[in-house]
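In what follows, a single structure is set out as structure tokens and then discussed.
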Amino acid sequence: MEKNQIPAHIGFIMDGNGRWAKKRLMPRNYGHSKGADVFKKCIDWCKELGIRCATFYAFSTENWSRPDDEIQGIMNLLRRYIKDIRDTVEKENRIIILGDISRLDEDIRNDLIDLQEISKNNTRFIVGIALNYGGRPELVRAVKQISQDCVSGKISPDDISEELVEKHLYTSEMPPLDLIIRPSGEKRLSNFLIWQAAYAEFVFMDVLWPDFSKKDLEYAIAEYAGRNRRFGGI
Ligand code: FPP
């Protein structure tokens with residue numbers, strides 16, 4: 001495959017954990033736990049396939065409406081993951097968190113801030129983890145920051161451009177989003193990277209996230225490579 005046929009940045013909507021567990025008469029958190037295993041493997045697959053950045057939708061602003069034990073289950077997976085990756089992170093992956101982490105437990109919050117800091121000079125691969133993330137809240141946050149700069153006189157409204165807005169998004173230091181993969185048969189964006197998805201390709205797949213494999217990733221990339229991206233041209 002040519003280099004420009006490999007997406008630089010893929011967004012993953014890790015959907016279907018609950019249904020996967022239900023099919024096995026197991027609790028939903030069992031599905032999330034398997035989903036977290038796939039998340040870890042998927043980072044390696046992306047690297048093996050020459051992708052530079054992957055962003056994973058781990059917890060949306062809407063997910064707080066789930067039962068408390070499910071929320072705690074996901075947070076505990078995150079805790080465990082943070083402990084597991086410290087070594088590898090220091091070597092090659094840069095971690096960028098997307099979302100408002102102020103609502104997360106203090107230990108997780110501090111560890112995430114730490115992880116971002118110690119990994120910030122790693123260039124091999126960027127792992128984006130969307131936590132308490134929503135695309136609309138991300139845009140509201142950008143609008144507030146830009147308004148502050150207008151009020152303080154740092155910039156004038158005429159300075160506001162697409163490039164400036166992008167500087168205020170969580171993805172400002174990531175390559176442009178080329179592809180969004182959503183398994184589980186659902187065909188919607190669910191408030192994920194709504195600005196960034198403007199010119200992304202979408203691949204929807206029937207596989208449930210805990211069953212997602214390297215072959216599925218390869219299929220999605222081949223599908224992407226076969227698309228004719230015109231960016232509004234002809
Ligand atoms: C959507 O599936 C999945 C989530 C809301 C949680 C995703 C979280 C993980 C895979 C664990 C993340 C862990 C780390 C370490 C980042 P769903 O529960 O909505 O599935 P359903 O639609 O089948 O019910």
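Counting begins at 1 with the first residue of the sequence. Predicted model only: the values in this text are computed from it and were never measured. First listed ligand is number 1; within each ligand, the first listed atom is number 1.
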Indicate yes or no: does an N/O atom of [X] lie under 3.5 Å from an N/O atom of ligand 1?
{"X": "R19", "value": "yes"}
{"X": "W20", "value": "no"}
{"X": "G18", "value": "yes"}

Which heavy atom of the protein is the closest neighbour of [atom], given with residue, atom name and distance?
{"atom": "atom 19 (O) of ligand 1", "answer": "R66 NH2, 2.8 Å"}
{"atom": "atom 8 (C) of ligand 1", "answer": "A58 O, 3.5 Å"}
{"atom": "atom 1 (C) of ligand 1", "answer": "M14 O, 3.3 Å"}
{"atom": "atom 10 (C) of ligand 1", "answer": "N17 ND2, 3.3 Å"}
{"atom": "atom 15 (C) of ligand 1", "answer": "Y81 CB, 3.5 Å"}
{"atom": "atom 4 (C) of ligand 1", "answer": "H32 CE1, 3.8 Å"}
{"atom": "atom 13 (C) of ligand 1", "answer": "A36 CB, 3.8 Å"}

Which one of E166, E138, E162 satisfies the side-chain hydrogen bond (donor to acceptor under 3.5 Å, both in side chains) criterion with W195?
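The option that passes is E166.
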
Heavy-atom contacts under 4.0 Å between N63 and ligand 1: side chain, backbone, both, or neither?
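Within the 4.0 Å criterion, N63 contacts ligand 1 through side-chain atoms alone.
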
Could you check whether the rings of F231 and Y199 sit parallel, tilted or perpendicular, using 30° and 60° as the cut-offs?
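The rings of F231 and Y199 sit tilted, inter-plane angle from 30° to 60°.
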
Give the C-alpha distance, both sets of side-chain angles, the deciding distance and a yes or no for side chain to side chain contact (heavy atoms under 4.5 Å, CB included) between I129 and F59.
CA-CA 9 Å; I129 309 178; F59 197 85; over 6 Å; no

Check whether the side chains of D158 and S156 place a donor and an acceptor atom closer than 3.5 Å, and report yes or no.
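D158 vs S156: no donor-acceptor pair found between side chains.
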
Of all heavy-atom pairs between R109 and L104, which one has the smallest distance, and what is that distance?
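The pair with the smallest heavy-atom distance is NH1-O, 3.0 Å.
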
Of all heavy-atom pairs between F39 and M14, which one has the smallest distance, and what is that distance?
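Taking F39 first and M14 second, the nearest heavy atoms are CB-SD, 3.8 Å.
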
More than 12 heavy atoms of other residues, nucleotides or ligands under 6.0 Å from OH of Y219: yes or no?
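Atom OH in Y219 is not crowded, with 12 or fewer foreign heavy atoms closer than 6.0 Å.
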
Touching ligand 1 at all, R28? Heavy atoms, strictly under 4.0 Å?
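The answer is yes, since R28 has a heavy atom less than 4.0 Å from ligand 1.
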
Any side-chain heavy atom of F125 sitting closer than 4.5 Å to one from I51?
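SC-SC contact between F125 and I51 confirmed.
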
